[in-house]
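Reading through the structure tokens given below for one structure.
Fair warning: this is a prediction, and the values are worked out from it, not measured in the lab. Sequence positions, counted from 1, serve as the residue numbers for this chain.
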Amino acid sequence: MVEKKDILLSVKDLRTYFNVKEGLAKAVDGVSYHINQGETLGLVGESGCGKTVSALSILKLLDIPPAQFHSGQILFKDQDLLQLSEQELNTIRGRSISMVFQEPMTSLNPVLSIGFQIDEVMINHLGITAREARDRTIELLNMVDIPLPQKRAKEYPHQLSGGMRQRIMIALAIACDPELLIADEPTTALDVTIQAQIIELMLSLQDKLGTSILLITHDLGVIAETADRVAVMYAGKIVEEADVKTIFQNPLHPYTRGLLNSVPNINKIDSATRLQEIPGIVPNLCYLPSGCAFMNRCPVKTKICESEKPKLLNIENQHNVGCWVAQQTV
């Protein structure tokens with residue numbers, strides 16, 4: 001695997017807003033993170049916290065309007081993707097940066113065969129012949145453990161199971177050996193056995209290809225198995241960031257602790273055990289409070305939390321947290 005020392009992607013103070021009926025929804029509000037070559041960064045949080053929007057912003061796959069990039073930079077090997085034209089971005093999408101979308105059934109074209117869709121990416125980006133592309137497609141289908149690849153290449157998305165479609169999406173994403181793979185909820189709606197197979201497949205491909213991965217999920221079990229570092233998002237902001245071991249062993253933000261406590265522990269479950277939950281819901285992004293966005297759900301809030309937004313600060317050893325209480329008690 002590639003040494004994890006060089007920064008491949010750097011997101012700096014990204015602000016992606018949406019003009020909606022209620023006003024301006026700050027879906028991503030001042031987010032910064034980086035991904036090193038060959039590593040996996042896990043981006044976690046509840047639905048609606050801004051994970052997917054931040055990922056779609058990288059390749060500018062949002063409709064403008066209603067979306068707008070209010071400020072920030074997305075540096076891919078020192079090239080600001082937000083400043084590129086649509087034509088310039090098309091040379092990067094699918095080639096240097098690929099994405100595995102959340103729902104493969106709606107991401108794959110239902111009227112084109114699996115093989116044609118994979119062939120097309122390589123013909124467009126690599127300039128190879130149709131015959132060479134088809135040979136490579138069969139090789140890719142073998143790589144992602146699709147049985148009878150010659151037969152499957154001629155089939156259509158509706159003829160395949162959810163797990164098979166997700167494997168097709170991964171094959172499509174790695175067709176041009178991208179440097180960065182964005183995986184948006186790659187195991188959602190799959191049964192546990194298939195989830196484990198998809199995770200194992202992604203790790204195996206990363207080991208073979210040296211690909212960096214941005215893994216977006218709300219499943220902390222998946223994060224524990226795959227990620228090197230973790231960024232926790234809430235209401236459009238990153239509230240905690242650290243290596244995966246630190247996040248699980250020493251979470252500092254009350255939201256991170258709430259996420260971890262809501263995961264069932266097989267060693268502690270009995271008939272009297274009630275699964276812990278985080279009370280309340282994610283706030284309306286058009287009407288965020290003047291203080292900490294997690295304030296109304298936080299069990300340890302103080303007076304300052306109601307009036308001032310906390311900044312993401314380094315506590316120790318690249319462990320960053322945006323919480324007044326955590327910063328004062330550490």
Side-chain angles (χ1 to χ4, degrees), residues 1 4 8-9 11 28 31-55 58 99-102 166 169-170 173 180-207 211-268 275-278 282 294 312 317-323:
M1 186 181 290
K4 300 172 184 176
L8 180 66
L9 181 84
V11 176
V28 176
V31 163
S32 298
Y33 59 82
H34 72 276
I35 304 173
N36 296 320
Q37 289 186 358
E39 84 166 346
T40 298
L41 174 68
L43 196 58
V44 303
E46 293 169 283
S47 296
C49 70
K51 305 185 303 295
T52 295
V53 172
S54 69
I58 293 173
M99 189 163 182
V100 178
F101 294 94
Q102 195 168 114
Q166 195 63 284
M169 283 297 300
I170 293 174
L180 174 63
L181 177 65
I182 302 171
D184 187 7
E185 302 279 8
T187 59
T188 296
L190 301 177
D191 63 58
V192 176
T193 303
I194 302 301
Q195 283 187 20
Q197 293 174 1
I198 294 297
I199 292 168
E200 184 180 353
L201 171 62
M202 289 178 60
L203 292 176
S204 173
L205 293 172
Q206 183 183 42
D207 191 52
T211 307
S212 300
I213 298 176
L214 173 60
L215 177 62
I216 301 166
T217 183
H218 60 266
D219 191 331
L220 291 169
V222 172
I223 289 295
E225 293 184 56
T226 58
D228 298 299
R229 291 186 300 111
V230 183
V232 181
M233 282 194 73
Y234 184 77
K237 293 182 179 292
I238 290 178
V239 298
E240 187 162 6
E241 182 181 15
D243 65 84
V244 66
K245 183 177 180 180
T246 299
I247 286 291
F248 277 85
Q249 294 186 352
N250 185 33
L252 296 179
H253 199 286
Y255 178 62
T256 308
R257 291 199 295 268
L259 290 176
L260 291 169
N261 290 336
S262 67
V263 177
N265 187 331
I266 195 169
N267 297 317
K268 297 181 180 179
L275 192 64
Q276 293 189 42
E277 62 181 27
I278 303 174
V282 177
F294 189 62
L312 192 68
N317 299 328
Q318 297 183 326
H319 186 175
N320 304 318
V321 65
C323 172

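Here the shortest heavy-atom pairing between Ser212 and Gln37 reads OG-CA, 3.3 Å. Nearest heavy atom pair, residue Glu240 against residue Asn250, reads OE2-O, 4.2 Å. Of all non-hydrogen atoms in Ala55 and Leu214, the two that sit nearest each other are CB-CD2, 4.4 Å. What you find for Asp219 and Thr217 is that their closest heavy atoms are N-OG1, 2.9 Å. Annotation for Arg257 and Leu252: closest pair NH1-O, 2.8 Å, computed over non-hydrogen atoms. Nearest heavy atoms, Ser32 versus Ile238: O-CD1, 3.4 Å.
No side-chain heavy atom of Glu277 sits less than 4.5 Å from a side-chain heavy atom of Ser262. Using a 4.5 Å heavy-atom cutoff, the side chains of Ile182 and Val100 are not in contact.
For the pair Arg229 (side chain) and His34 (backbone), a donor-acceptor distance under 3.5 Å is present. At distances below 3.5 Å, at least one donor-acceptor pair connects side-chain atoms of Asp228 with backbone N or O atoms of Thr40. In this structure a side-chain-to-backbone donor-acceptor pair under 3.5 Å is present from Asp243 to Thr246. Remark: side-chain polar atoms of Thr226 are paired, donor with acceptor, to backbone N or O of Val222 under 3.5 angstrom.
With values rounded to the nearest 0.5 angstrom, Lys51 atom NZ is found 7.5 Å from His218 atom NE2. The distance from the CD atom of Glu39 to the CG atom of Leu8 is 9.5 Å, given to the nearest 0.5 Å. Thr211 OG1 to Leu181 CG: the interatomic distance, rounded to the nearest 0.5 Å, is 7.0 Å. Here the straight-line distance linking atom CG of Leu9 with atom CG of Leu180 works out to 6.0 Å at 0.5 Å rounding.
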>> For a side-chain contact (heavy atoms from CB on, under 4.5 Å) check, start with the C-alpha distance between Cys323 and Tyr255, then their side-chain angles and the critical distance, and finish with the verdict.
In response: CA-CA 10 Å; Cys323 172; Tyr255 178 62; over 6 Å; no
>> One pair to check against side-chain contact (heavy atoms from CB on, under 4.5 Å): Phe101 and Glu185. What are the steps and the verdict?
In response: CA-CA 7 Å; Phe101 294 94; Glu185 302 279 8; over 6 Å; no
>> What verdict does the side-chain contact (heavy atoms from CB on, under 4.5 Å) test give for Leu41 and Val230, after you've listed the backbone C-alpha separation in whole Å, the side-chain angles of each residue and the deciding distance to 0.1 Å?
In response: CA-CA 6 Å; Leu41 174 68; Val230 183; 5.9 Å; no
>> Using the rule given for side-chain contact (heavy atoms from CB on, under 4.5 Å), can you reason through Leu312 versus Val239, listing the C-alpha separation, both sets of side-chain angles and the distance that settles it, and then say yes or no?
In response: CA-CA 7 Å; Leu312 192 68; Val239 298; 5.7 Å; no
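Remark: the His319 side chain and the Glu241 side chain contain no N/O donor-acceptor pair separated by less than 3.5 Å.
For the side chain to side chain contact (heavy atoms under 4.5 Å, CB included) test with Ile223, the passing option among Leu259, Val232, Leu43, Val244 is Val244; the others fail.
Between Tyr234 and Phe294, the ring planes lie perpendicular to each other; the angle is over 60°, past the 30° to 60° tilted range.
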